[in-house]
2 protein chains.
Amino acid sequence: MKDLKLNENAFLPLRDVVFNTLREAILRGDLKPGERLMELTLASKLGVSRTPIREAIRMLEQEGLAVTMPRRGAQVAGMTEKDMEDVLQIREALDILAAQIACEKITEEQLVEVKAAAERFRKCTLTHDVKKLAEADVNFHDAIYNATDNPKLISLLSNLREQLYRYRVEYLKDESKYSELVEEHDRIVEGLENRNMELLTQSMKAHVEGQTVAMRHVIRDQD
Amino acid sequence: MKDLKLNENAFLPLRDVVFNTLREAILRGDLKPGERLMELTLASKLGVSRTPIREAIRMLEQEGLAVTMPRRGAQVAGMTEKDMEDVLQIREALDILAAQIACEKITEEQLVEVKAAAERFRKCTLTHDVKKLAEADVNFHDAIYNATDNPKLISLLSNLREQLYRYRVEYLKDESKYSELVEEHDRIVEGLENRNMELLTQSMKAHVEGQTVAMRHVIRDQD
DNA sequence: ATGATTTGGATTGTATACAAAAAACAATAG
DNA sequence: CTATTGTTTTTTGTATACAATCCAAATCAT
């Protein structure tokens, strides 16, 4: 386990601060799958008592980032290839759903935001800054999610993305796919702009399927 | 708040027992939307300390059954018509997804189970026992979910169903729709049996859309 | 009266103490 | 040397104590 340090924010209860800290540590890989989350250890590392640690663990558990066996404590949840496939399958369906809802409901303002995000993404493909690129991609999809006006769907999708996060950045390292991604984004924007549900559904489907294939590839290579 | 009593199970940690108890109380309406979940009150009602109560609340929170404002405690989450629509929209997409996956993966054994559940449902429509009927319907859909071999999808769908639960039983009280429901189930079974993805998708879509309309009706009537 | 302010009680947040279970270790018998 | 039992240590589960915050009623000034 790498050193952990509290992401301090004086206004949030400690359980939330601890939750965010652990969540990020898990996502960035500082806490590895299978690693035990021992209350006393974490408590002393983060300089708090066991109480907020325990509450944070209960929260991580429900997010799918930790698993606990009663009386044996919690561990960082592992992500097998199968798990990843399962998540991708769900995300594919919901990403398409989000696009379809957005197609009907998106406002001019929101469309502008989607376009801006697509443009930022395009620019980032030129700078070779993978971190920024990933962020731009997230923004693009979030802009579409937001247009659904369905908070439950939005939070579900962001939870799914979270679970995929560990492999996400990897697949964005393949620069040969950049132009393809930009084109896919453009087609999605076109679909939204013209309220062309058919085109939009097809292009979003192609986009997420492409990502699915790419990530599957990344996972295979790692093992 | 109606009287609460611990669903005692000596092997589970108290937090889980409390969680189940509160979850069921919320779903059956004993704890009403907006009702405060006060730690000390619940603790004394259930005869435990605040610690397991707090942990259970963190879990309910992540399930969407409770909402908490920092330093102000938790309340039972309300379900507006809008919330319900949002959940139904998601469930529709995922139910169809589940059917499509099942169509490819379902085993003979699992198919037998689906058929049996459909038959049990049909029988229940004759007895006018709404509770049993609801249970049979749950079994039918669970049998399909199980065939997806995707645990994350299964647990997501059962969480969504949970959120709809309060209105579920209501819509099953309209006996005039029973024959329609039975027919829809039959078509779904037919689709699975013949591995006819097109038919299956259509019939599942019709089925969940029908439920959506019925529930929307129920909600409107209540307000 | 009305509005600001103080103050007491209620409630949540955090730390800690103690109990119970599990894990690690050591000792002994085979 | 292995297996088994008993003992110690570690770790989780639960209760409780104390601190910080919030809320509402009472008080005070205008």
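Letters go in sequence order (proteins before strands), and every chain restarts at 1.
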Are a donor atom and an acceptor atom from the side chains of [X] and [Y] found within less than 3.5 Å of each other?
X: A:Q89; Y: B:N150; value: yes
X: A:N20; Y: A:E24; value: no
X: B:D137; Y: B:H185; value: yes

Would you grab the first and last nucleotide of DNA chain C (5' to 3') that comes under 4.0 Å of any non-hydrogen atom in chain B?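 From 5' to 3', the first and last contacting nucleotides are C:dT11 to C:dT14.
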
Min side-chain heavy-atom separation B:E162-B:R23 under 4.5 Å: yes

Whole angstrom is fine here: how far is it from [atom1] in [X] over to [atom2] in [N]?
X: A:L40; N: D:dT10; atom1: CG; atom2: P; result: 11 Å
X: B:R58; N: D:dG13; atom1: CZ; atom2: C1'; result: 17 Å
X: A:E39; N: D:dT10; atom1: CD; atom2: C1'; result: 12 Å
X: A:L42; N: D:dT11; atom1: CG; atom2: P; result: 11 Å
X: B:R36; N: D:dC22; atom1: CZ; atom2: C1'; result: 10 Å

With distance as the sole test, does B:Q75 use its side chain to make a donor-acceptor pair with the main-chain N or O of B:G34 at under 3.5 Å? yes

Between CD of B:E113 and CG of B:N146, what distance do you get to the nearest 0.5 Å?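 Between B:E113 CD and B:N146 CG, I get 8.5 Å after rounding to 0.5 Å.
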
Spacing of A:E184 atom CD and A:E209 atom CD [to the nearest 0.5 Å]: 10.0 Å

Think B:R72 has a side-chain N or O under 4.0 angstrom from the OP1 or OP2 of D:dT21? no

Between residues 49-57 of chain B and DNA chain C, which residues have a heavy-atom gap below 4.0 Å?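 Residues of residues 49-57 of chain B that come under 4.0 Å of DNA chain C are, in numerical order, B:R50, B:R54.
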
Would you find more than 12 non-hydrogen atoms of other residues, nucleotides or ligands less than 6.0 Å from B:K132 atom NZ? no

If you pin B:P70 and A:R71 to their nearest nucleotides in DNA chain C, which one's is more 5'?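 Looking at DNA chain C, the more 5' nearest nucleotide goes with B:P70.
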
